[in-house]
Amino acid sequence: MISAYTGTQIREAETPFLEAGAGAVLMQRAAYGLANAVVRELRTRGERLYGASVTVLAGKGNNGGDGLFAAAMLAGRGMRTTAVLTGGEAHPEGLAAFEKSGGHVIRLTQGNVTAAAAAAASSGVVIDAVLGTGAHGGLRGPAAELVEAMGRSRSGFVVACDIPSGVDADTGEAHAPVLRAELTVTFGAAKAGVLADPGADFAGRVQVIPIGIEAALPDPALRRLQSGDLAVLLPHPGRRSHKYSRGVLGVVAGSQQYPGAAVLACRGALAAGVGMVRYLGPPEVADLVRRSCPEVVCGSGSAADAHVQAWLLGPGIDEHAHEQLERVRDAAATGLPVVADAGALPALPRTLTPQFVLTPHAGELETLLARYGAAPGRPGVEGATLAAARRASDLTGATVLLKGATTLVAAPSGAVFSQDDATPWLATAGSGDVLAGILGALLAQLAGGTGTFASLGIRADDRWAGIAALAASVHGRAGSLASDGGPVTASDVAQSVREVIAKL
């Protein structure tokens with residue numbers, strides 16, 4: 001599992017070390033890790049180290065010091081190094097080490113932005129070490145102009161030092177201009193801001209360099225499940241399992257306008273291993289479900305009479321499907337775990353519990369927040385996804401899965417999961433219905449157990465968020481597998497879920 005922290009948490013963990021006089025040691029460890037990351041990248045690309053060109057954009061603070069020390073180490077490997085001092089000044093010891101190594105220094109001014117940008121753009125590697133985790137807001141003055149000019153040119157391989165300058169380490173908000181990195185080398189632990197959108201857009205791959213503060217870190221602000229975690233959490237039927245012990249999922253989905261949503265949701269649930277699916281809906285939709293998924297038990301009765309372990313509500317239900325919306329209300333009142341997709345959200349009670357998992361995309365989350373008097377607008381949601389998901393969970397009392405390039409799952413306790421396993425090709429009609437089915441199936445199978453979650457440090461109250469993160473990861477991996485680098489349909493994704501789970 002990847003644990004990520006806010007910049008504030010990192011700085012608090014560093015404080016005892018700094019007070020004990022170990023600041024220089026921490027900086028050397030960070031710089032050494034950064035320099036080695038650049039070396040490994042060049043070797044992976046088949047490029048020579050000797051004679052390679054590196055430019056470090058160095059701010060006045062410790063982040064700039066990390067970059068300057070790293071550049072000095074790279075100069076010792078025979079690389080040609082340039083430092084652009086974006087604030088005119090620099091970390092004294094870092095600058096002294098850089099100059100001693102023979103590096104070339106450019107002090108950025110209003111008059112040499114174009115020349116400095118050209119010099120940086122001509123380098124094989126650019127290290128962004130302008131702003132660190134303690135910065136608030138974005139680049140200003142000549143530094144901002146420099147990054148804007150570099151953005152218009154074809155720069156070399158960009159490595160962000162700790163965090164891309166202009167990305168908020170706590171929230172993931174991005175304050176333009178931001179130099180898009182292909183690799184972020186971060187120190188001590190991953191920063192929450194690079195595992196949430198839009199910060200993740202600028203971070204590229206994230207590599208964590210231990211520097212010795214790790215044991216002092218508190219509970220993470222954000223976590224990301226990896227393959228080993230998924231293998232632990234996925235349900236494993238026992239020798240004497242039967243269809244009822246493996247979970248029964250009730251599905252209220254589909255309408256005359258969107259009948260296919262019910263089919264895709266049921267396919268996703270079946271592929272994720274639930275023991276039985278019971279579908280409730282209009283006869284014409286039920287007929288389509290039967291033809292597509294003969295394993296599903298279909299009916300048109302009341303949700304109150306159905307014997308299930310969890311509910312999936314909402315895919316393909318529009319505002320005119322009054323009978324379906326009434327079933328949604330009845331199912332929500334049963335006290336069972338619930339996945340509530342878009343169409344169900346208006347029919348839910350105002351106050352919910354963590355076992356309700358809401359699955360909006362950004363536009364639907366905007367509408368949901370407005371219902372509670374919080375109206376950031378869609379740009380406000382997309383520009384601060386972490387804050388928006390947390391706010392929605394806090395207002396509703398529910399677990400909120402915000403779909404996007406990076407899927408965030410926020411629990412009312414404040415725990416957050418971030419999954420980034422998907423291909424952009426997964427942005428296709430019906431994909432969310434399959435995700436809802438996978439999530440519903442896992443809720444039905446895992447709702448009663450807490451032991452496996454505790455083994456990963458996930459508290460019992462947060463297991464609903466853990467299940468949602470598990471579903472998001474399986475869904476994303478199924479999309480990537482089905483796509484194989486090209487277009488994919490929701491049906492393709494559902495078919496790939498079994499293979500993903502089998503491999504895990």
Side-chain angles (χ1 to χ4, degrees), residues 2-44 49 54-79 81 83 90-101 103 125-135 157-165 167 169 181-195 203-218 220-221:
I2 297 175
S3 296
Y5 300 82
T6 65
T8 303
Q9 289 176 309
I10 295 290
R11 291 191 297 277
E12 288 177 351
E14 288 176 337
T15 298
F17 295 90
L18 300 178
E19 291 175 347
V25 173
L26 298 182
M27 183 170 286
Q28 287 298 315
R29 290 171 180 169
Y32 183 75
L34 176 59
N36 278 343
V38 171
V39 168
R40 281 192 297 271
E41 188 62 37
L42 289 172
R43 284 176 170 165
T44 298
L49 301 183
V54 178
T55 294
V56 56
L57 312 181
K60 294 189 288 186
N62 288 341
N63 190 256
D66 295 336
L68 288 168
F69 275 120
M73 295 174 188
L74 294 173
R77 304 292 293 267
M79 300 186 194
T81 56
H91 185 276
E93 292 81 7
L95 180 59
F98 179 80
E99 290 180 321
K100 185 177 180 180
S101 72
V125 178
V126 175
I127 299 174
D128 170 12
V130 183
L131 298 178
T133 59
F157 185 81
V158 177
V159 180
C161 175
D162 211 17
I163 193 165
S165 297
V167 171
E182 294 168 84
L183 173 66
T184 294
V185 180
T186 192
F187 312 124
K191 310 306 183 289
V194 299
L195 297 187
R205 292 178 285 111
V206 178
Q207 180 180 342
V208 178
I209 302 297
I211 58 174
I213 67 168
E214 294 72 34
L217 291 168

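As the structure is a computational prediction, the values presented were derived from the model and not from experiment.
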Closest contact, heavy atoms only, [X] versus [Y]:
X      : Y      : result
Tyr5   : Ala189 : CD1-CB, 3.4 Å
Arg29  : Ile211 : NH1-O, 2.7 Å
Leu195 : Ala4   : CD1-CB, 3.7 Å
Arg40  : Gly33  : NH2-O, 4.5 Å
Ile163 : Ala169 : CD1-CA, 3.3 Å
Val208 : Ala190 : CG2-N, 3.7 Å

Quiz item: Does Tyr32 OH have over 12 foreign heavy atoms under 6.0 Å away?
Solution: no
Expected list for residues 56-70: side-chain donor-acceptor pairs under 3.5 angstrom, two or more places apart:
residue, atom, partner, partner atom, Å
Asn63, OD1, Val130, N, 3.4
Asn63, ND2, Cys161, O, 2.9

Gap separating the [atom1] atom of [X] from the [atom2] atom of [Y], nearest 0.5 angstrom:
X      : Y      : atom1 : atom2 : value
Phe98  : Leu74  : CZ    : CG    : 10.0 Å
Glu12  : Ile213 : CD    : CD1   : 11.5 Å
Thr184 : Leu34  : OG1   : CG    : 10.5 Å

Exercise. Scan for side chain to side chain donor-acceptor pair (under 3.5 Å) pairs involving residues 185-194, sequence neighbours excluded, and state none if there are none.
Key: Asp162-Thr186, Asp162-Lys191, Thr186-Lys191
Flag side-chain contact, heavy atom, 4.5 Å: [X] against [Y]:
X      : Y     : value
Val125 : Glu41 : no
Leu217 : Ile10 : yes
His91  : Met27 : yes

Self-check item: Main-chain N/O of Gly212 paired with Glu214 side-chain donor or acceptor, under 3.5 Å
Solution: yes
Quiz item: Within the distance-only criterion (no hydrogens, no angle test), does the side chain of Arg43 pair as donor or acceptor with the backbone N or O of Val39 below 3.5 angstrom?
Solution: no
